[in-house]
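One structure is given here, and the rest of the page talks about it.
Positions are given from 1 along the sequence.
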Amino acid sequence: MRKTLFRWAGAAYAGGGMENRFDGLGECCPMKVRIGTGATDEEAAAVAAALAEHVADTVEVFLGDADEPAAVREPPASVEPPSTAADASADVTAGAAEGEELGPTEREDELREEIAEILEGGPEKYRERLPEQDKLFVRDRMDLWFGEDGLKFEDGKFAHFDSWHPNSPEVDEYDEGTRLPADGLITGAAEFEGRELHFMANDFTVKAGSMAEKGVEKFLRMQQRALKTGKPVLYLMDSSGGRIDEQAGFFANREGIGKYYYNHSMLSGRVPQVCVLYGPCIAGAAYTPVFADFTVMVEGMSAMAIASPRMVKMVTGEEIEMQDLGGPRVHTQESGSADLIAEDEEHARELVAKLMQYLPDNSDEKPPQVDPSPPSMSPEGIDGLIPETPNRAYDMHDLIDRVVDGDSFFELKPEFGKEILTGFAHLDGRPIGIVANQPAHRAGAIFPDAAEKAAQFVWTCDAYNVPLLYLCDTPGFMAGSQVEKDGILEQGKKMIYATSEATVPKLSVVVRKAYGAGIYAMSGPAYDPEATIALPSGEIGIMGPEAAINAVYARKLNEIEDEEEREQLEQELREEYRQDIDAHRMASDVVIDEIIPPSELREELSQRFEFYEDVEKDRPSKKHGTVL
């Protein structure tokens, strides 16, 4: 009635208007309405009568700019006049005087019931299946992560409400099987381990956590708000991908699912993005984990792949199980797309809690410091740990444990590119990133996977202002036909590029061997470190003694028929070569900055990192480099 009346009245007085109905004392005056001069007296009378009945007050209708009204109408006697502001105030005052307390009405009670319905998630039958998969219901998962008071707010609970809820005017008959609460995707803000962050979480009970128009809109808003707030983003992924039967509403749209990855790219290096996988994430859903800065996969339930096993069979004829296609083992050992494997949901939370200790909220801030603690193993054992012969293996973890604060080394991608160790640690309470060759694995030679892993880690540390410590003990980049096919030059280039571009404080330690281009990739003297220091076991050369003797003196040695004489000459040449490349010669020639007693390495590094904390470095003005 109300909408219809004013649409009709509006058409009648197009170009006119209404004047204020109240005087300065808040008393009601006649409503004055001006309509077009082309209207007849009968039309003016009809407008006046209709409005007088509607507003329950006297209405004067004027034609154009006329001073006298063309029609005046009083409201019918049966219509009660509206209460004035003074009347309303008096009513409230009277109620308060009588001790009446205002409280929630049925309207609020109904809203709370609707919210409770939404919080129940998808159809009950799907919730009942979660324990069989060792999964938590998404709302219980959020309680695990944020506790009872950690959830600050949620956005979009009512997304897709009108399509399924019985209170919706669009639902004729409620069907439990069509429940789409929150459109299967939860977004909001929370406090996690004392840090505020944005988050999203798929509800696997709603169409297997699949994504559609309303959920996509929520996801995009969350990302866009993170760009404004500069707070980290946590993705709790458990999605089967996009809903194919609803793709017209979200797939290729400007603000569709493709915008996820545009926003991921904008957020990259701006705020930390951490992703935890709880289920098989297929197709579009698999890109969020690989765009994230850090990805954790939960053992026994998570996977990610560009296509499902069924689709793979249809396209290629290959029959394969989901875990073999894209399970945690595949992505932590072979592809390098995931950083860590969690044993269960609780362990996943623990891993992320440890990770966040080393990261700032955004690229404008420095990572938080903690109270220092002594190393778990004595630095006095460093020199005895390192073998004198360059080819004998030892575990670099043991050296790291003698340098950094106790139990603080948080290794990333430990099963991928094992020839290099990457991870965060605290050194006297200060967060640092460590890139260290691992002599215990293939002599610490740099293979393509290891170079790729190191490049990504260096790039990430630089983005979030984490200083870098390089521990060099490598024969250099691996040679051979297979590594050429695997892209050793391409991946080596990326590692060297990342090291070159990093503007955070960098310290390079020559632990033992630094042969070939290995010293370049490990931020040697030419790569703008704050210092290159060496232990007395350090050596820097184009190649190791064995290779050098073979390259330079092979013909001369082969001409010696007496085996003992040949071996003696080899030994002499080897020792002579090692003298040319050892740390003392490098320090004498000022190639390196200092030789450090091994037991003082921790203290030396701590002092240098503290001193260079605010170092500023310039890079050429350009749009960006061309190395990816």
Side-chain angles (χ1 to χ4, degrees), residues 375 379-380 382-383 385-386 388 390 396 399-400 402-404 420-421 425 427-428 430-437 439 444 446 454 458 461-462 465-476 495-544 577-619:
E380 294 183 359
I382 292 177
D383 196 37
L385 170 69
I386 303 168
E388 291 190 15
M396 183 62 76
L399 189 149
I400 292 172
R402 286 171 164 82
V403 171
V404 303
I420 289 181
L421 309 180
L427 181 61
D428 270 345
R430 187 184 311 277
I432 61 171
I434 296 177
V435 180
N437 304 116
I446 303 174
V458 169
C461 286
D462 190 53
N465 304 314
V466 181
L468 283 161
L469 171 62
Y470 291 80
L471 299 174
C472 181
D473 191 344
T474 179
M495 183 177 177
I496 293 173
Y497 179 79
T499 294
S500 303
E501 280 287 289
T503 59
V504 294
K506 297 181 294 185
L507 294 177
S508 179
V509 179
V510 181
V511 176
R512 191 171 54 168
K513 53 188 181 294
Y515 300 157
I519 186 61
Y520 303 161
M522 297 300 288
S523 196
Y527 289 82
D528 198 21
E530 276 43 74
T532 302
I533 59 181
L535 301 184
S537 49
E539 298 178 340
I540 301 176
I542 293 177
M543 59 187 69
Y577 181 82
R578 292 191 68 181
Q579 289 176 10
D580 282 340
I581 65 173
D582 80 354
H584 287 79
R585 175 62 59 83
M586 295 298 112
S588 177
D589 292 342
V590 202
V591 173
I592 61 175
D593 295 285
E594 193 60 274
I595 307 174
I596 303 299
S599 59
E600 297 178 8
L601 179 60
R602 170 180 162 86
E603 180 63 23
E604 182 82 16
L605 293 173
S606 178
Q607 293 287 350
R608 289 179 181 269
F609 273 126
E610 181 181 4
F611 185 83
Y612 289 112
E613 180 178 9
D614 297 316
V615 67
E616 294 183 3
K617 301 182 182 182
D618 293 326
R619 293 291 181 264

Heavy atoms only: give me the nearest [X]-[Y] pair and the separation to one decimal.
| X | Y | result |
| --- | --- | --- |
| Met522 | Met495 | SD-CE, 3.8 Å |
| Ile592 | Ala583 | CD1-O, 3.8 Å |
| Met396 | Ala436 | CG-CB, 3.7 Å |
| Leu427 | Val404 | CD1-CA, 4.3 Å |
| Cys461 | Gly433 | SG-CA, 4.0 Å |
| Asn437 | Pro439 | O-CD, 3.3 Å |

Residue pairs fulfilling ring pair (Phe, Tyr, Trp, His ring centres under 6.0 Å) with at least one residue in residues 520-544, sequence neighbours excluded: Tyr520-Tyr527
With sequence neighbours left out, which residue pairs that include part of residues 581-597 fulfil the side-chain hydrogen bond (donor to acceptor under 3.5 Å, both in side chains) condition? Asp580-Arg585
Walk me through it: do Val510 and Ile519 pass the test side-chain contact (heavy atoms from CB on, under 4.5 Å)? CA-CA 8 Å; Val510 181; Ile519 186 61; 4.2 Å; yes
Can you name the residues that form a side chain to side chain contact (heavy atoms under 4.5 Å, CB included) with Glu380, not counting sequence neighbours? Ser378, Ser599
Using side chain to side chain contact (heavy atoms under 4.5 Å, CB included) as the criterion, list what pairs up with Gln607, not counting sequence neighbours. Glu603, Glu610
How long is the gap from [atom1] on [X] to [atom2] on [Y], to the nearest 0.5 Å?
| X | Y | atom1 | atom2 | answer |
| --- | --- | --- | --- | --- |
| Arg608 | Ile596 | CZ | CD1 | 6.0 Å |
| Phe609 | Asp428 | CZ | CG | 11.5 Å |
| Leu601 | Ile382 | CG | CD1 | 5.0 Å |
| Thr503 | Asp528 | OG1 | CG | 9.5 Å |
| Ile434 | Leu507 | CD1 | CG | 11.5 Å |
| Ser523 | Glu530 | OG | CD | 8.0 Å |

Would you say Ser508's side chain and Tyr470's backbone share a donor-acceptor pair under 3.5 angstrom? no
Which pairs pass salt bridge (charged side-chain N to carboxylate O under 4.0 Å, His left out) with one or both residues in residues 505-516, sequence neighbours excluded? Asp473-Arg512, Asp473-Lys513
Report the C-alpha separation of Ile432 and Leu468 in whole Å, then their side-chain angles, then the decisive distance to 0.1 Å, and conclude whether the side-chain contact (heavy atoms from CB on, under 4.5 Å) test is met. CA-CA 6 Å; Ile432 61 171; Leu468 283 161; over 6 Å; no
I'd like a table of donor-acceptor pairs (distance under 3.5 Å, sequence neighbours excluded) in which one partner is a side-chain atom from residues 532-544, with atom names and distances.
residue : atom : partner : partner atom : Å
Ser537  : OG   : Val511  : O            : 2.5
Glu539  : OE1  : Tyr515  : OH           : 2.5
Glu539  : OE2  : Arg578  : NE           : 2.6
Glu539  : OE2  : Arg578  : NH2          : 2.7

Side chains of Val504 and Val466, heavy atoms from C-beta outward: is any pair under 4.5 Å? no
